[in-house]
K.L.:
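Structure provided below as structure tokens; questions to follow.
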Amino acid sequence: MKETNTKSDQHGRRNFVLSGLFGLLTLVTATVSKASNGLKKAKEKKYAMVIDLLNCTGCGACDLACKNENNVPENFFWASHITETKGIFPNVRYEHMPTLCNHCENAPCVAACPTRAMYKQDNNITMHDPDKCIGCKTCAMACPYNVISYNDSSVHESWKKGKELIKNCTSTGKDVVRKVGGNVIPFYNKDREASLPGIRPKGVVEKCTFCDHRVSNGQLPYCVMACPCNARIFGDLKNPQSEVNKLLRKFRPIRLKENLGTNPSVYYIRDFNPSHHITTKGEI
């Protein structure tokens with residue numbers, strides 16, 4: 001009887017030691033995994049955009065390029081602008097400032113969204129998930145920049161109508177789409193489907209995504225590519241040698257409503273100054 005108890009005690013001690021070792025191994029594995037994930041996040045890029053107002057001519061190419069790339073409805077503007085005229089003729093100054101989602105580090109839209117449809121990617125891009133969106137528009141009300149649009153009706157309605165603008169004179173929107181082989185709209189960019197519905201449905205919000213579908217493939221946002229005067233510069237804030245960091249070190253930037261603590265990721269540098277540009281056409 002005594003021998004049996006001794007063997008039982010030894011078996012129990014062995015199980016206890018093995019259990020302790022297993023627990024220690026689990027803890028070490030979890031710690032290593034956590035450290036690995038932390039290192040991975042530290043290596044993630046932090047995307048931002050610099051807009052050089054000295055180079056910007058106010059042509060609106062960015063607005064049109066954005067619509068083209070993202071199949072944006074005619075009454076929405078993921079890329080837009082603020083314009084202001086100051087002074088009294090003939091001493092008048094016209095100011096043009098391009099705008100888009102600021103992809104704030106402390107994004108009010110993300111904090112306000114009750115379903116987490118609005119969220120931040122590790123690369124600093126603020127994204128929206130239409131499948132989680134309930135159309136409450138809380139994000140749009142929370143955004144201090146007014147850059148979030150809401151689909152309150154069927155999108156691209158004008159291209160679905162079979163009514164002529166001028167009877168017996170103009171084609172209908174539906175006819176134009178059919179003749180050019182379009183999908184809902186005359187030109188439909190299928191690439192947009194990579195991370196969002198190509199055309200967002202009724203009852204949800206939409207906004208600029210820094211062309212995340214292009215960025216994930218190593219391409220610049222389309223508004224950056226389309227700018228004829230290189231006024232938009234895109235890059236990684238975590239890379240000291242990126243073009244955005246070089247410009248931010250060289251010039252004193254401003255950001256819209258940065259006093260609110262949103263920490264926007266869109267920076268503006270310089271300003272339009274006619275004295276910096278050659279206005280003569282030359283001579284013969």
Side-chain angles (χ1 to χ4, degrees), residues 48-70 72-104 108-109 140-150 152 156-158 165-166 169-170 173 206-208 210-211 220-235 243-244 246-284:
M49 184 179 292
V50 172
I51 298 179
D52 189 341
L53 296 176
L54 178 61
N55 285 343
C56 178
T57 62
C59 68
C62 48
D63 299 359
L64 296 176
C66 176
K67 281 184 170 291
N68 186 72
E69 178 67 22
N70 297 290
V72 179
E74 60 269 17
N75 55 327
F76 290 177
F77 292 93
W78 288 15
S80 189
H81 48 267
I82 299 170
T83 58
E84 188 175 2
T85 304
K86 296 180 179 179
I88 300 174
F89 183 82
N91 301 312
V92 177
R93 182 181 178 85
Y94 176 79
E95 295 183 354
H96 177 99
M97 179 174 283
T99 59
L100 64 160
C101 173
N102 283 271
H103 296 275
C104 308
C109 60
M141 291 184 284
C143 175
Y145 304 102
N146 194 30
V147 292
I148 301 176
S149 301
Y150 173 71
D152 59 356
H156 296 294
E157 189 63 33
S158 62
L165 184 63
I166 303 174
C169 181
T170 61
E206 59 179 72
K207 65 165 198 68
C208 158
F210 267 166
C211 283
L220 291 170
Y222 199 50
C223 62
V224 175
M225 293 298 297
C227 180
C229 44
N230 298 328
R232 292 188 174 217
I233 304 92
F234 187 77
E243 290 301 319
V244 291
K246 288 178 183 178
L247 290 170
L248 293 178
R249 287 194 296 265
K250 186 174 182 179
F251 302 103
R252 180 178 293 179
I254 63 168
R255 294 182 289 178
L256 296 178
K257 300 182 180 180
E258 58 182 322
N259 60 301
L260 298 179
T262 57
N263 199 12
S265 298
V266 176
Y267 298 79
Y268 298 88
I269 59 172
R270 305 199 287 182
D271 198 357
F272 180 74
N273 188 337
S275 65
H276 291 177
H277 292 267
I278 300 173
T279 57
T280 177
K281 292 184 182 293
E283 67 282 324
I284 297 177

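Values in this document were obtained by computation on a predicted structure and should not be read as measured data.
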K.L.:
Using a 6.0 Å cut-off, check whether atom CZ of R249 has over 12 heavy atoms from anything other than its own residue.
P.N.:
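Counting other residues, nucleotides and ligands, CZ of R249 exceeds 12 neighbours.
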K.L.:
Using a 3.5 Å distance criterion without hydrogens, assess whether the side chain of N70 forms a donor-acceptor pair with backbone atoms of C66.
P.N.:
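Yes.
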K.L.:
Parallel, tilted or perpendicular: which fits the ring planes of F234 and F210, with parallel below 30° and perpendicular above 60°?
P.N.:
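Correct class here is perpendicular.
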K.L.:
How close do C211 and P221 get, heavy atom to heavy atom, and via which atoms?
P.N.:
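Smallest heavy-atom distance, with atoms named: CB-CA, 3.7 Å.
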K.L.:
Using only atom types and a distance under 3.5 Å, with no angle test, would you say the side chain of R255 pairs donor to acceptor with the backbone of P264?
P.N.:
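It does hold such a pair.
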K.L.:
At their closest point, which heavy atom of A48 faces which heavy atom of V244, and how far apart are they?
P.N.:
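Distance-wise, the nearest heavy atoms are O-CG1, 4.0 Å.
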K.L.:
Can you give me the closest heavy-atom contact between T83 and H81, atom names plus distance?
P.N.:
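Heavy atoms of T83 and H81 come nearest at CG2-CD2, 3.6 Å.
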K.L.:
Kindly compute the distance separating SG (C208) from CG (N102), expressed to the nearest 0.5 Å.
P.N.:
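Here the rounded value is 9.0 Å.
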K.L.:
Could you measure the distance from the OH atom of Y94 to the NZ atom of K86? Nearest 0.5 Å is fine.
P.N.:
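The distance works out to 13.0 Å.
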K.L.:
Hey, is CG on N146 packed in by over 12 heavy atoms from elsewhere, all under 6.0 Å?
P.N.:
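At most 12 heavy atoms, drawn from other residues, nucleotides or ligands, come within 6.0 Å of this atom.
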K.L.:
Rounded at 0.5 Å granularity, tell me how far CE in M97 sits from CD1 in I51.
P.N.:
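Between atom CE of M97 and atom CD1 of I51 there are 8.5 Å.
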K.L.:
Output yes when a side-chain donor or acceptor of K67 lies under 3.5 Å from a complementary backbone atom of P73, and no otherwise.
P.N.:
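Yes; judged by distance alone, with no hydrogens or angles, the pair exists.
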K.L.:
Can you find a pair of side-chain heavy atoms, one from R270 and one from L53, that are under 4.5 Å apart?
P.N.:
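No, side chains not in contact.
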K.L.:
Can you tell me how far apart NE2 (H156) and CD (E74) are? Round to the nearest 0.5 Å.
P.N.:
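Answer rounded to 0.5 Å: 7.0 Å.
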K.L.:
Starting at NE2 of H96, measure out to CD1 of I82 and round the result to the nearest 0.5 Å.
P.N.:
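Reported to 0.5 Å precision, the distance equals 9.5 Å.
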K.L.:
Let me confirm one number: the CZ-CG distance from F251 to D52, rounded to the nearest 0.5 Å.
P.N.:
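Reported to 0.5 Å precision, the distance equals 6.5 Å.
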K.L.:
Are the side chain of K207 and the backbone N or O of C101 linked by a donor-acceptor pair below 3.5 Å?
P.N.:
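A pair under 3.5 Å: no.
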K.L.:
Can you give me the closest heavy-atom contact between P144 and T262, atom names plus distance?
P.N.:
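Heavy-atom minimum between the residues: CG-CG2, 4.3 Å.
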K.L.:
Please report the closest heavy-atom contact between D271 and L54, naming both atoms and the distance.
P.N.:
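Here D271 and L54 meet closest at O-CD1, 3.4 Å.
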K.L.:
Please report the shortest heavy-atom distance between C62 and A79, naming the atom on each side.
P.N.:
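That closest heavy-atom pairing would be O-CB, 3.9 Å.
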K.L.:
In sequence, state the C-alpha distance, the side-chain angles, and the governing distance for L100 and R232, and then conclude on side-chain contact (heavy atoms from CB on, under 4.5 Å).
P.N.:
CA-CA 12 Å; L100 64 160; R232 292 188 174 217; 4.2 Å; yes
K.L.:
Do side-chain atoms of Y268 reach the backbone of L256 as a donor and acceptor pair under 3.5 angstrom?
P.N.:
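Side chain of Y268 to backbone of L256: no pair is present.
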